[in-house]
**Student:** 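The structure under discussion is supplied below as structure tokens; questions concerning it will follow.
Computed over heavy atoms, backbone and side chain alike; hydrogens, waters and symmetry mates excluded.
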Amino acid sequence: VHSGGQRIDVGVSRSGAYAGDAIRGYQNLWLDAEGRVFIKAGFGTSAMDVAERFKAFQILELGEVVVIDRDHKEAVKPCDRAYDQSVIGIVSTEPGFILGLEAEEVPIALCGRVPCKVDADIAAIEVGDLLTTSPTPGHAQKLLDSSRAVGTVIGKALEPLEKGQGKILVFVLSR
């Protein structure tokens, strides 16, 4: 099928392991399917995180650290205290894969690499430092008290920040 410079090929016979088993869209690929979809050779994207959509009852900025909003079911809000065990993730800037369909909900990075707001005035951040929530709204800080780490770690710093507030690349991991 050709339309306006775009082409869709269905069941195209090509050589190789997946011959005849394809839906291809040129310039973009869209696949609507019901049931289970298999991607045989894997999924590739230039983005670096997996996100899930969450409700938010206030505007969230890219890179903000968010926690469970106890006042609203299944919603998130910016963190505002250190070592908060209700931490969920970081507002994603450009997720590679998004769980959920509600476009008005905010994609929250649950794993992978994402820019994150941090406060290095609490303590300088070095590459490899574990990060937790901070009292600076929406910001992470260096984990200073390992006895409080369980359930409060949001990720690992992939870039340093000596002082001030800013954004650094973080590998998101919850523990």
Side-chain angles (χ1 to χ4, degrees), residues 28-30 37 39 41-175:
N28 295 302
L29 170 65
W30 288 88
V37 175
I39 301 173
F43 172 78
T45 178
S46 60
M48 299 180 287
D49 70 272
V50 174
E52 182 175 347
R53 293 187 186 277
F54 283 87
K55 296 175 194 170
F57 291 90
Q58 63 190 71
I59 295 173
L60 298 176
E61 295 179 21
L62 300 177
E64 279 191 309
V65 177
V66 295
V67 296
I68 296 167
D69 184 342
R70 297 179 196 278
D71 296 328
H72 299 96
K73 183 179 178 184
E74 299 177 16
V76 295
K77 66 178 185 176
C79 68
D80 61 5
R81 63 187 174 108
Y83 301 95
D84 192 336
Q85 289 189 333
S86 66
V87 66
I88 293 289
I90 301 168
V91 178
S92 182
T93 56
E94 187 181 346
F97 192 84
I98 303 175
L99 304 171
L101 298 172
E102 302 300 326
E104 69 278 356
E105 294 181 348
V106 181
I108 306 301
L110 304 176
C111 66
R113 291 177 279 174
V114 64
C116 177
K117 289 181 157 191
V118 294
D119 188 340
D121 284 337
I122 296 168
I125 297 170
E126 297 178 20
V127 173
D129 283 344
L130 292 176
L131 302 173
T132 185
T133 58
S134 90
T136 307
H139 288 64
Q141 71 173 48
K142 178 178 181 172
L143 179 80
L144 298 171
D145 182 354
S146 60
S147 71
R148 299 176 72 188
V150 176
T152 70
V153 171
I154 188 60
K156 187 174 285 200
L158 297 175
E159 296 178 309
L161 186 64
E162 190 173 316
K163 61 182 177 178
Q165 295 175 2
K167 282 187 185 177
I168 63 169
L169 193 61
V170 168
F171 180 72
V172 180
L173 60 100
S174 296
R175 52 177 261 202

**Student:** Can you confirm whether Lys163 is buried at NZ, in the sense that more than 12 heavy atoms of other residues, nucleotides or ligands lie under 6.0 Å from that atom?
**Tutor:** no
**Student:** Between Thr133 (side chain only) and Arg81 (backbone N and O only), is there a donor and an acceptor less than 3.5 Å apart?
**Tutor:** yes
**Student:** Is the backbone of Thr136 close enough, under 3.5 Å, to the side chain of Gln165 for a donor and an acceptor to pair up by distance?
**Tutor:**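 Side chain of Gln165 to backbone of Thr136: no pair is present.
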**Student:** Determine whether more than 12 heavy atoms belonging to other residues, nucleotides or ligands lie under 6.0 Å from atom CD of Glu162.
**Tutor:**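 Incorrect, the count does not exceed 12.
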**Student:** Ignoring hydrogens and geometry, is there a side-chain-to-backbone donor-acceptor pair from Tyr83 to Gly151 under 3.5 Å?
**Tutor:** no
**Student:** Begin from the C-alpha positions of Ser134 and Ile122 and carry the test side chain to side chain contact (heavy atoms under 4.5 Å, CB included) through to its verdict.
**Tutor:** CA-CA 9 Å; Ser134 90; Ile122 296 168; 3.9 Å; yes
**Student:** For Glu94, does the CD atom have more than 12 heavy-atom neighbours from other residues, nucleotides or ligands under 6.0 Å away?
**Tutor:**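 Counting neighbours around CD of Glu94, 12 or fewer heavy atoms of other residues, nucleotides or ligands fall under 6.0 Å, so no.
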**Student:** Compare every heavy atom of Lys117 with every heavy atom of Gly138, then report the nearest pair and how far apart it is.
**Tutor:**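 Closest heavy-atom pair between Gly138 and Lys117: O-CB, 3.7 Å.
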**Student:** Check whether any side-chain N or O of Glu159 sits under 3.5 Å from a backbone N or O of Ile168 as a donor-acceptor pair, and report yes or no.
**Tutor:** no
**Student:** Quick check: are there more than 12 heavy atoms from other residues, nucleotides or ligands sitting under 6.0 Å from CZ of Phe97?
**Tutor:** no
**Student:** Examine distances only and state if a side-chain atom of Thr152 and a backbone atom of Asp84 form a donor-acceptor pair shorter than 3.5 Å.
**Tutor:** no
**Student:** So, does Lys167 use its side chain to make a donor-acceptor pair with the main chain of Leu62 at under 3.5 Å?
**Tutor:**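 Looks like yes, one N/O pair under 3.5 Å.
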**Student:** Pair Ile154, Ile90 - check side chain to side chain contact (heavy atoms under 4.5 Å, CB included), show working.
**Tutor:** CA-CA 8 Å; Ile154 188 60; Ile90 301 168; 3.9 Å; yes
**Student:** Got a sec: does the CZ of Arg113 have more than 12 other heavy atoms crowding it under 6.0 Å?
**Tutor:** no
**Student:** Assess the residue pair Leu158 and Val170 against the criterion (side chain to side chain contact (heavy atoms under 4.5 Å, CB included)); give the C-alpha distance rounded to whole Å, side-chain angles, the decisive distance to 0.1 Å, and a yes or no.
**Tutor:** CA-CA 5 Å; Leu158 297 175; Val170 168; 5.9 Å; no
**Student:** Would a distance-only check, ignoring hydrogens and angles, find a side-chain to backbone donor-acceptor pair under 3.5 Å from Asp121 to Gly164?
**Tutor:**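 Yes, Asp121 side chain to Gly164 backbone: donor-acceptor pair under 3.5 Å.
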